[in-house]
2 protein chains.
Amino acid sequence: MTVTLADVAARAGVSSATVSRVLNGNYPVAGSTRERVLRAVEELEYVVNGQARGLAAATSDLVGVLVNDIADPFFGILASAAQTEIARGPREGVAAGGGKLAVVCNTGGCPEAELTYLTLLQRQRAAGVILTGGTAERTGHTRAVTAKLARLTADGTRVVLCGRPPLTVDGGATTTTLAFDNRGGAQRLTEHLLSLGHRHIGYITGPDDRTTTRHRLEGHGAALTAHGLTADAARLTAGGDYDRRAGYAAARELLDRAPELTAIVAANDTAALGVCAALRERGLRVPQDVSVAGFDDLPFSADAAPALTTVRLPLHEAGAWAGRLVMDRESAPPGGVATVAAELVPRASTAAPGAS
Amino acid sequence: MTVTLADVAARAGVSSATVSRVLNGNYPVAGSTRERVLRAVEELEYVVNGQARGLAAATSDLVGVLVNDIADPFFGILASAAQTEIARGPREGVAAGGGKLAVVCNTGGCPEAELTYLTLLQRQRAAGVILTGGTAERTGHTRAVTAKLARLTADGTRVVLCGRPPLTVDGGATTTTLAFDNRGGAQRLTEHLLSLGHRHIGYITGPDDRTTTRHRLEGHGAALTAHGLTADAARLTAGGDYDRRAGYAAARELLDRAPELTAIVAANDTAALGVCAALRERGLRVPQDVSVAGFDDLPFSADAAPALTTVRLPLHEAGAWAGRLVMDRESAPPGGVATVAAELVPRASTAAPGAS
DNA sequence: CGGCGCGTGGTAAGCGCTTGCTATGTGGTG
DNA sequence: CACCACATAGCAAGCGCTTACCACGCGCCG
């Protein structure tokens, strides 16, 4: 049924070794022979069997990309950029060949799923793995992931972390990491609100145990402290998730609890959208009555009404960078870790309190 | 370096065949033997080599998912839902095992890339392929894709089309298809505007040669015709792409060309956002001065201000359905083709013209 | 003019796993 | 008590490809 190397060889009147050599182009083959082979390949519509090739040559055409949820634009953009780099060979464009296939895995933020996917990728002897986004902070899990990654690395799989804090492996070695400056970004964002004159700032957090959540909250706290304010966490923070619903619910909770609020910082842009909805519903204007800020600078944020003040993470660039790193097309940053800057983007959703 | 079946066999004091059988569980193995083997697997941290297994058993753990761009929420949602189904085994959750890996390929809407990816997936002997979204309408390309898909099908790869029109293969066979009712949805949307009293309706199209673009435009035209209006295409349509920029640019063009417009229908929600931005910029209010409508009902549409009238495509459901179909967990719809309904969702961005 | 080296192509040994077939030991049955 | 059937386990032949190693023939140099 399916055409094999041997079929092509027979048709071209050469041995299968020769066909293999023509196809891989890493061994001298006379021009006339090469042509005969290529013609046979054409005629038979031969397509190499990747599994067999991988087995024989101990290589793989797969690169794993672990994300929380690919439907979330944050991860979508990251993955899209990474995929493009992974598919691109050394030359331009997918069509030129030489690229690999990106296996996207939705972990849903679930630690077990993360490990399961890593094992699945290990099964396929993936050439590389990119882990994106923050991760759960549970010692057991961190240890398990570290061990798994060490194993993968030992087996020759390139591992890149993108948007999560560096992980120190036993040997002291560090897997290549692109960390986002969540703390610094959050700090600058809150400073922006403080400098506008806000003193009662609510904060809506992401899921409890995530590194990203913690870092952003820490940045927020640092800014408050620097201004001599104490973060009244119990009263002024609420949260739960990085989605619209959570932002909406948390905003309502916060407004009930602390009506004096003049600004709300959301865990990310998506949640900020929910916050805006909650404010609108209560008849509060943004930014005249309450300022709102997000994080990430997702595409829709610039188009929201009012346009959302946020912190820009260069997701596309970071994803592409991670892609190049995992493809070994670029050398790792010194020390194995690079911090990706998070830039404050002030827009219309924040203003001085009481401004009409 | 890496542990093989033979290593496990040696450690357990059995033959590698027995280990294989324990691991695959499709052949009787005595309880005591099984336990010994499993212990050895544990101790050695053995992970089966997927390539070797695939080669020997003529199976594959990969399913391809072709999308235009995974960063676009339309495809992100589709892919996310599909991925989840693909990863899920017959039982619940990823961790239970039995699932496959989703290979996501960004074609960028480029026909050549589409073919290249199909070949790459064919190389890997993928268990299945899902092609999502509209496709370019070029005879050469359609023929090439059809041929490729026929080939894949013949090789045992399950092919599912999701969100694109059915493709008739030579033999009269039809690959399983979930088509979106773009035409009907667009028609109902324009009817909605007409029934509000609009008579001067602008239309912003997607890329020229895409099926989706054509179908939506046809639905729009059908609604106008049914109302005895002639679509003055030259004057009242503009467009270019399914993104914000295109919507913005096209809206400006349209407003310059036909200031009498009281409503604008955009190719999709993303473009509609650009339209709103252009209107705001000109000091036109939505919907008082100009009504705006989108298509797809992407998550942000409900949160836009004003909330966007649109046509809901059940992307999540469709993606999950495609996933189940490609995994052969559900039988194909009668005739191999199912049409996914597109439901009008009237929201605040459309109102009667002249209403203040 | 003989031999050496290089440019080519073939041979065959795996890569790590699955699986059809065979071999063995046990219990049940006539 | 002999025989057969069944439950297990092993043997070995591939799956389709890569690649180390060898063979061959030609041109060239000494």
Side-chain angles (χ1 to χ4, degrees), chain A residues 1-38 40-41 44-62 119-120 122-127 155-157, chain B residues 1-38 40-41 44-62 119-120 122-127 155-157:
Chain A
M1 183 86 235
T2 44
V3 184
T4 72
L5 245 206
D7 298 330
V8 177
R11 173 133 194 162
V14 297
S15 76
S16 55
T18 302
V19 178
S20 170
R21 286 166 180 150
V22 168
L23 261 31
N24 293 303
N26 48 19
Y27 193 90
V29 173
S32 60
T33 314
R34 142 171 290 114
E35 258 178 46
R36 216 147 21 96
V37 170
L38 290 178
V41 167
L44 266 40
E45 299 188 43
Y46 170 72
V47 173
V48 59
N49 181 322
Q51 299 181 314
R53 179 205 291 238
L55 178 57
T59 61
S60 164
D61 284 344
L62 304 179
T119 301
L120 253 34
Q122 188 184 0
R123 268 221 225 311
Q124 303 300 325
R125 303 299 187 257
D155 289 357
T157 298
Chain B
M1 185 85 234
T2 44
V3 184
T4 73
L5 243 207
D7 298 330
V8 177
R11 172 135 194 160
V14 298
S15 77
S16 55
T18 302
V19 178
S20 170
R21 285 165 181 150
V22 168
L23 262 30
N24 292 305
N26 47 18
Y27 192 88
V29 173
S32 60
T33 314
R34 145 173 285 114
E35 258 180 46
R36 222 149 15 99
V37 169
L38 290 178
V41 167
L44 265 39
E45 299 188 42
Y46 171 71
V47 173
V48 58
N49 182 322
Q51 300 181 311
R53 178 204 292 238
L55 178 56
T59 61
S60 164
D61 285 346
L62 304 180
T119 301
L120 253 33
Q122 188 184 1
R123 266 215 218 323
Q124 302 301 324
R125 304 297 187 257
D155 289 357
T157 298

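In what follows, chains carry the letters A, B, and so on, assigned in the order in which the sequence lines appear, proteins first and then strands, with residues in each chain numbered from 1.
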Would you mind telling me which of dA9(D), dT11(C), dC17(D) lies closest to the side-chain atoms of V29(B)?
dA9(D)
Closest to the R21(B) side chain: dC21(C), dT8(C), dC17(C)?
dC21(C)
Residue Y27(A), side-chain heavy atoms: nucleotide from dG9(C), dC17(D), dA9(D) that is nearest
dG9(C)
Starting at the 5' end of DNA chain D and moving along, which residue's nearest nucleotide shows up first, A52(B) or R34(B)?
R34(B)
Identify which nucleotide among dA12(C), dT19(C), dG16(C) has an atom closest to any side-chain atom of A17(B), counting heavy atoms from C-beta outward.
dT19(C)
Is any side-chain N or O of N49(A) closer than 4.0 Å to OP1 or OP2 of dC15(D)?
no
For the side chain of R53(A), counting heavy atoms from C-beta on, which of dT18(D), dG16(D), dT19(C) is nearest?
dT18(D)
Taking only the side-chain nitrogens and oxygens of S15(B), find out if one of them lies under 4.0 Å from OP1 or OP2 of dC11(D).
no
Which of the following nucleotides, dT8(D), dG16(D), dG10(D), is nearest to the side chain of L55(A)?
dG16(D)
Pairs flagged by salt bridge (charged side-chain N to carboxylate O under 4.0 Å, His left out) wherever residues 11-31 of chain B is involved - sequence neighbours left out
R11(B)-E43(B)
T33(A) vs dG9(C): side-chain N/O to OP1/OP2 distance below 4.0 Å:
yes
Give T18(A) one of three labels, base, sugar-phosphate or nothing, depending on what nucleic acid heavy atoms sit under 4.0 Å from its own.
sugar-phosphate
